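Nothing here was measured: the structure is a model prediction, and the numbers come from that model. First the proteins, then the strands, lettered A, B, ... as listed; each starts at 1.
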Number of protein chains: 2
Amino acid sequence: MKDKDYKDIGKLFKVLSDPVRLQIIDLVSCKEMCACEILEYLSISQSTLSHHMKVLKESNLVTSRKDATWMYYSLCNDVVNSLKSRFNKITSDTSDCFCYTIKKECKK
Amino acid sequence: MKDKDYKDIGKLFKVLSDPVRLQIIDLVSCKEMCACEILEYLSISQSTLSHHMKVLKESNLVTSRKDATWMYYSLCNDVVNSLKSRFNKITSDTSDCFCYTIKKECKK
DNA sequence: TATAAATATTGACAATTATCAATATTATTT
DNA sequence: AAATAATATTGATAATTGTCAATATTTATA
């Protein structure tokens, strides 16, 4: 496995390392929500929410759709599932994983 | 769901947000490894590895066993599986999740 | 006891980031 | 055109962190 792979996965986990963003993901995993609705559930300023939404969008964990003055956000399940799959490989002891040579050896 | 839950999960993801630690987890998911063996696969100093192992241990993602001058590390699958389970709940749209009220409403 | 090997700790530094207030932008409504 | 509402951006700050060199600690061995 390449360093780049660990970096990519690490970047997604970094996005997920903030409790506010985790709660946002929990919210938008149900349905599309506009920023002002999300904000009602949180105890942060509007600018802070906007920052978090930008981070979530840049990671592709969340997608957005604009409607008039509203921005609607929803969870991107493809990216989430891909991350889960890659994390499963990292934490598994099968040879179908990233540290291929080592784990193949281990299976003997 | 309580803020504390998001914080706890966030802390684990923060530990997983470093590419070096992800590679270490990949390594020890196969078999118990001593620090000096892990170090062979990485391009970091010994003190940096020691720091990362401390972080991993404190998160309980990794456990350690001392044998003479060697410290052997292995992945704690219970903690990993628990994290996966909780992340599944956050990212699912079922009512069996953390934002219970909202998601129940959504299901109607 | 002295040396060597494995690991841990300390101290320092550069880089990143979560947060807010203030301001800007965009789109709707009056 | 002016006012309002929703969202984004800017600038600043406090806090965290990954890294290394140097040093300390622990254990085995000569």
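Taking every heavy atom of both residues into account, A:C76 and A:T63 meet most closely at CB-CG2, 4.2 Å. Here the closest non-hydrogen pair linking A:S92 and B:S29 is O-OG, 3.1 Å. Of all heavy-atom pairs between B:W70 and B:C34, the closest is CD1-SG, 3.8 Å.
Panel note: side chain A:R21, backbone A:V15; a donor-acceptor pair is recorded below 3.5 Å.
DNA chain D is contacted by B:H52 of residues 52-63 of chain B, taking any non-hydrogen atom closer than 4.0 Å.
Spacing between atom CG of A:L49 and atom P of C:dA21 amounts to 14 Å, rounded to whole angstrom units. Rounded to whole Å, the distance from CG on A:L39 to P on C:dC20 is 10 Å. To the nearest angstrom, P of C:dA12 lies 17 Å from NE2 of B:H51. Taking atom NZ of residue A:K14 and atom C1' of nucleotide C:dT17, one finds them 7 Å apart after rounding to whole Å. Atom CG in B:D18 sits roughly 13 Å away from atom C1' in C:dA15 (whole-Å rounding).
In this structure, a donor-acceptor pair under 3.5 Å is absent between the side chains of A:S50 and A:S47. Residues B:T48 and B:S45 have side chains that bring a donor and an acceptor to within less than 3.5 angstrom of each other.
Bracketed by its first and final contacts, the part of DNA chain D lying under 4.0 Å from non-hydrogen atoms of chain B reaches from D:dT16 to D:dA28 in 5' to 3' order.
Under 4.0 angstrom from either OP1 or OP2 of C:dT26 there lies no side-chain N or O belonging to A:K66.
By the side chain to side chain contact (heavy atoms under 4.5 Å, CB included) test, A:N81 is found to be paired with A:N77, A:K84, residues two or more places apart in sequence or in another chain being considered. In terms of the side chain to side chain contact (heavy atoms under 4.5 Å, CB included) criterion, residue partners of A:L49 (sequence neighbours excluded) are, by chain and number, A:I24, A:A35, A:I38, A:L39, A:L42, A:I44, A:M53.
The aromatic rings of B:F13 and B:F87 lie perpendicular to each other, with more than 60° between the two planes, well past the 30° mark.
Between B:Y72 and B:R65 there is a side-chain heavy-atom pair separated by less than 4.5 Å.
For residues 7-18 of chain B, every residue pair satisfying the side chain to side chain donor-acceptor pair (under 3.5 Å) rule, not counting sequence neighbours, is listed here: B:K4-B:D8.
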Grab the N/O contacts between the protein and nucleotides 3-7 of chain C below 3.5 Å, and write none if there aren't any.
from, atom 1, to, atom 2, distance (Å)
C:dA6, O3', B:T69, O, 3.4
C:dT7, OP1, B:A35, N, 3.2
C:dT7, OP1, B:M71, N, 3.2
C:dT7, OP2, B:C36, N, 2.7

